[in-house]
Amino acid sequence: MEHVAFLVALMATSFGAGIVGAILGLGGGILLVPLLTMVFGINLHYAMGASLVSVIATSSGAAAMYLRTGLSNIRIGLFLAMATVTGALIGAALSGVVPARALELILGLALTYSVVVTLRQLKVDLAEGQPYDPIAMRFGLEGAYFDVRLGREVKYRADRVKAGFAVMWGAGLLSGLLGIGSGAFKVLALEYVMRLPMKVSTATSNFMIGITAAASTAVYFGRGDIHPVIAIPVALGVMLGALVGTTLMGRLRNTTVRALFLPVILYLALSMIARGLGLVGS
Amino acid sequence: MSRVLWWGGVASVVLMLIGLVGYAVQVGVGSDSFDVTRAVENPQAGRPPGVFTSVPQVLDGLRRWPVDPLAVAAVGLLALLATPVAAVVVAFPLFLSEGDRRYAVISAILAAALIGSLLIGGAS
């Protein structure tokens, strides 16, 4: 019965991570790895493998919905996925060699950065304009969507594609290295570097997350880092949590709710950094 | 594409659930000796029996009788992995039929990279 209790506890924790992740707009992955390693004492590599599986599971459902609404731009997504997939494959290969402490340190820093992005997201406005980036013109990195809040169609085209491609490569590298979806970094490339509307950025990033994570997961699977007894309850828990979290989001609408969770996330981030620096025993 | 992602996700979740419930029943009854906590804390001590690292191993688990529930769960995991890859594969004929050769090539390159990594990861 001890095993069954373990499975239930694992699922419940992942469920919580899924809810908080959805409310904050972070994937569950970046919260899961610190929780699994610090609370459950799970080996870092198994935690990262389980997180990747949960990332694909949540992204598939959400991406399917976003594709139907036409918010995610498939061309922009596939074009940039060439960068994230290459980065992810290199990152996943490296994560088998890089010492666990260094990984924990990088994860802590990535989590801290995600919190900063989340804070900034609270007050972002729609950018207008039609930039003329030659690569964007050539590859048709543009589109339009109907904005419900503004009550009209918004046209957009990507700007600074080269820089965006480079940031995407980095996002892929982090995803493979740390076993996370790295949605915050993908949104950084789409929204801040390429200046795409926030809704399009979020939806397109979601579509790309699954593709990127699939590349890394294959490497993790081959190395034996995907432990079904850990990965499956975690993935199911996060999926359910994300579902509940998104439903809650629609009702809460309150930015203070997001702010409530930030200290918790910051605590997780700082603990990971402390572990990485060897300040606390791991 | 959205249908591929949706149904791929649903199918793999169902398989993973069946496998996990089967496993919980198996260990709950106490017939299995696989100690999760030990495997969790010390993976270097040897590959715990529940971890599949290749497709042939998963197939072996399925061929056994009674079927290894963790092998069923592993099939669910692999199906989940294959879902985004399938979406990219489906994009190729869609772009071709639209006459967009540039993006047909991009989706083909991506699909090749993803399938390649799956094959290398799954065969070793």
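Here is how names work: the chains are called A, B, and so on, in the same order as the sequence lines, proteins then strands, and each is numbered from 1.
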To the nearest 0.5 Å, atom CG of A/L7 lies from atom CG of B/L20 at 5.5 Å
Residues A/F79, B/L110; criterion side-chain contact (heavy atoms from CB on, under 4.5 Å); working and verdict: CA-CA 9 Å; A/F79 181 81; B/L110 265 179; over 6 Å; no
Please name the pair of heavy atoms, one in A/G210 and one in B/P84, separated by the smallest distance, quoted to 0.1 Å. O-CG, 3.4 Å
Identify which of A/P233, A/A63, A/A235, A/A231 forms the greatest number of heavy-atom pairs closer than 4.5 Å to chain B. A/P233
Please report the interatomic distance CZ(A/R68) to CH2(B/W6), rounded to the nearest 0.5 Å. 7.0 Å
Which atoms of A/V53 come close to chain B, meaning under 4.5 Å heavy atom to heavy atom: side chain ones, backbone ones, both, or neither? both
Could you pull out the closest heavy-atom pair between A/A218 and B/S117, with the gap in Å? CB-O, 3.5 Å
State, yes or no, whether a side-chain contact exists between B/T83 and A/I56 at a heavy-atom distance under 4.5 Å. no
Output the distance between atom CE (B/M16) and atom CE (A/M239), rounded to the nearest 0.5 Å. 7.0 Å
Check each atom of A/L89 against the heavy atoms of chain B and say whether the ones under 4.5 Å are side chain, backbone, both or neither. side chain
Give, as side chain, backbone, both or neither, the part of A/F139 having an atom under 4.5 angstrom from any heavy atom of chain B. both
Taking every non-hydrogen pair under 4.5 Å, which of B/I109, B/L80, B/V13, B/D100 racks up the most with chain A? B/L80
With a 4.5 angstrom heavy-atom cut-off, could you sort out which part of A/L52 is near chain B: side chain, backbone, both or neither? neither
One should read off an interatomic distance between A/I74 CD1 and B/L94 CG, to the nearest 0.5 angstrom, of 8.0 Å
What part of B/L81 gets within 4.5 angstrom of chain A, counting heavy atoms only: side chain, backbone, both, or neither? both
Is the shortest heavy-atom distance from the side chain of A/F221 to the side chain of B/L78 under 4.5 Å? yes
Shortest non-hydrogen contact from A/R75 toward B/Y103: O-CE2, 3.4 Å
With a 4.5 angstrom heavy-atom cut-off, is it the side chain or the backbone of B/A91 that approaches chain A, or both, or neither? side chain
Below 4.5 Å from any heavy atom of chain B, which atoms of A/L78 appear? Answer side chain, backbone, both or neither. both
State the CG-OH distance between B/L5 and A/Y66, to the nearest 0.5 angstrom. 14.0 Å
B/R102 side-chain N/O to A/R138 backbone N/O, donor-acceptor pair under 3.5 Å: yes
